[in-house]
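Data first, discussion second: the structure below is written as structure tokens.
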Amino acid sequence: MTISSDEILETIEMIERECLDVRTVTMGISLLDCSHPDVGVAGKNILAKIERLAGKLGATARGIEMDYGIPIINTRISITPISQVVAGGDKAGFVHIADCLDEAARRVGVNFIGGFSALVQKGFTHQDRALIEAIPEALSRTERVCSSVNVASTRAGINMDAVKIMGQVIKETARLTSDRDGLGCAKLVVFANAVDDNPFMAGAFHGVGEPECVVNIGVSGPGVVRAAVADARGKNLGEIAAIIKKVGFKITRMGELVGREISKRLNVEFGILDVSLAPTPAVGDSVAEILEAMGIERVGAPGSTAALALLNDAMKKGGAFASSYVGGLSGAFIPVSEDQGMIRAAREGVLSLDKLEAMTSVCSVGLDMVAIPGETPAETISAIIADEAAIGVINNKTTAVRIIPVPGKTVGDTAHFGGLLGEAPVIPVSKLSSKEFIDRGGRIPAPIQGMKN
Amino acid sequence: MSESRVVVTVIGPDRIGIVADVATLLARQNANILDINQKVMGGDIFAMTMLTDMKKTAVDFAELKRLLEEKGAELGLKIHAQHEDIFKFMHRI
């Protein structure tokens, strides 16, 4: 046998005991050709195209799952940022399109569809404004639609008018979904340096430079990395980095196989593999616990940022060698509500918003699934977005804010979102005002780092 | 890719006759065993990996997988059947 018995058993153990899985197979679909001045017609075009291209996505993924014995947790769809598709739409028009997207997702059997999005890092088109205005209603009345808005980039700077509006949009989305602890906000991401090929929700969209149709794969496996680090008692951090790199390689290879196979079976181009450690609320499937296995008493303690930096970088290095096309966000996610270790630390009061912000400068994305008091002013949320965008813009990385001001709840309460979105203890936010700063608006110029040519 | 090559893994509490039971099932379905490796870990956990060729099996892969899982449940063991490529991809460059 070319493969040893030990290697086979190692793979089985990763899948059975350490929650190794392919987190998402995301089909990216260009909707640019669905545009029509009449939103009714545009909606029909969109529905027809998604059904035609993604109709077999779920069944194909289940076939691969059976053949290789590797769980594929989600199938999803990402689409062209919808503000670029619907010409001349007003708020009501975009809400109608959101309904069509929700229906399309239901018909093809995917749990999320991402791309109810606008890219406004340098300014708004009329459609961008209308789409952003439609976000709260769209997210409150649909189940599967995910929205994202890119407000900043290293090349364009930070659109502070958009940052201001997004604070209000988040508050309004929370208000309209107050019966579900502000669930709408869990489907809304505000980005800096958003990427075109991210397969993970809620921030996935199919960038305009992408092909007609593509499949992107998101692998995961925090449990596998945690187990490997936990076994490495007494090893120094250089050795830990090497161990994580090896695990990252193996996880990525599995995703690469699934990506190639699904691309072949669907006759759709294989886009990228996103080498991300994405936690779930399942016990043991936690990024925080990897940091704790390295010797941090609780995530949020001093040392957490360094430990996360090591982890994020080692994952990238292991993954880069294992796949022909690594892309997306690739690294480690730190969503509070979806990670048992993060939830525990937040509940114990040892994981603050400030420490989370510091950690986002070295993780793969940003402030993710953070529940804050419902009474937090919109300007404060905007200011949190501005800080996060600044970290991304200056450091040439993607950052994001997915924050939930939980209506009627305050510090000490817990917001419940259900399923993969989990639950989050409400954590405190500074009571100091940033209103005057946010009200200034305008555009923070692109930093010197953006002038690379 | 040799799509007919399937790795069968059997893990669980040791007892007499596991190899015989699983091999009999595979033989009945006309699956050819190419390689077999078995050990008892820590004194009581049985672990076996088999490389099999399913080219001439009477039933399709899904059905064979179901039969093996059923046999596993009967014997109190976990039996997996997976295409060989998952292991090749993960452990070989």
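What you see below is based on every heavy atom in this structure, not just the backbone, and it leaves out hydrogens, waters and symmetry mates.
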query = If you count heavy-atom pairs under 4.5 Å with chain B, which of A:Ile251, A:Thr11, A:Asp67 comes out on top?
reply = A:Asp67
task = Count the heavy atoms of every other residue, nucleotide or ligand shown that sit under 6.0 Å from NZ of A:Lys316, and state whether that count exceeds 12.
result = yes
ask   = Hey, is CZ on B:Arg28 packed in by over 12 heavy atoms from elsewhere, all under 6.0 Å?
value = no
query = Rounded to the nearest 0.5 Å, how far apart are CD1 of B:Ile86 and CD1 of A:Ile3?
reply = 11.0 Å
ask   = Hey, is CZ on A:Arg106 packed in by over 12 heavy atoms from elsewhere, all under 6.0 Å?
value = yes
ask   = Relative to chain B, which segment of A:Ile15 carries a heavy atom at a distance below 4.5 Å: side chain, backbone, both, or neither?
value = side chain
key: Shortest non-hydrogen contact between A:Phe321 and B:Ile93, atoms and distance   = CE2-CD1, 3.8 Å
key: Option from B:His83, B:Glu84, B:Gln82 for which side chain to side chain contact (heavy atoms under 4.5 Å, CB included) with A:Tyr68 holds   = B:His83
inquiry  = Between B:Met50 and A:Ile8, is there a side-chain heavy-atom distance shorter than 4.5 Å?
reply    = no
query = Are A:Ile12 and B:Lys78 side-chain neighbours, meaning at least one heavy-atom pair lies under 4.5 Å?
reply = no
task = Hey, could you give me the CZ/CG distance between A:Arg260 and B:Asp85, rounded to the nearest 0.5 Å?
result = 10.5 Å
ask   = Can you tell me how far the CD1 atom of B:Ile36 sits from the OG atom of A:Ser5, to the nearest 0.5 Å?
value = 10.5 Å
query = When you measure from the side chain of B:Lys65 to the backbone N and O of A:Met66, does any donor-acceptor pair fall under 3.5 Å?
reply = yes
task = Apply side-chain contact (heavy atoms from CB on, under 4.5 Å) to the pair B:Lys39 and A:Asp6, showing each step before the final yes or no.
result = CA-CA 11 Å; B:Lys39 59 188 165 188; A:Asp6 287 345; 2.6 Å; yes
query = Between A:Lys250, A:Met14, A:Glu7, A:Glu256, which residue shows the highest count of heavy-atom pairs closer than 4.5 Å to chain B?
reply = A:Glu7
query = Does a side-chain heavy-atom distance below 4.5 Å link B:Met90 with A:Phe249?
reply = no
message = Evaluate A:Arg253 against B:Arg92 for side-chain contact (heavy atoms from CB on, under 4.5 Å), listing each step before the verdict.
response = CA-CA 9 Å; A:Arg253 289 295 289 170; B:Arg92 294 287 179 274; over 6 Å; no
remark   = Taken to the nearest 0.5 Å, the spacing of B:His91 NE2 from A:Ser4 OG works out to 7.5 Å
message = Please classify the contact between B:Ala62 and chain A as side chain, backbone, both or neither, with a heavy-atom cut-off of under 4.5 Å.
response = both
ask   = Can you tell me how far CZ of B:Phe87 sits from CG of A:Leu9, rounded to the nearest 0.5 angstrom?
value = 8.5 Å
inquiry  = Please determine whether the number of non-hydrogen atoms from other residues, nucleotides or ligands lying under 6.0 Å from atom CG of A:Asn267 exceeds 12.
reply    = no
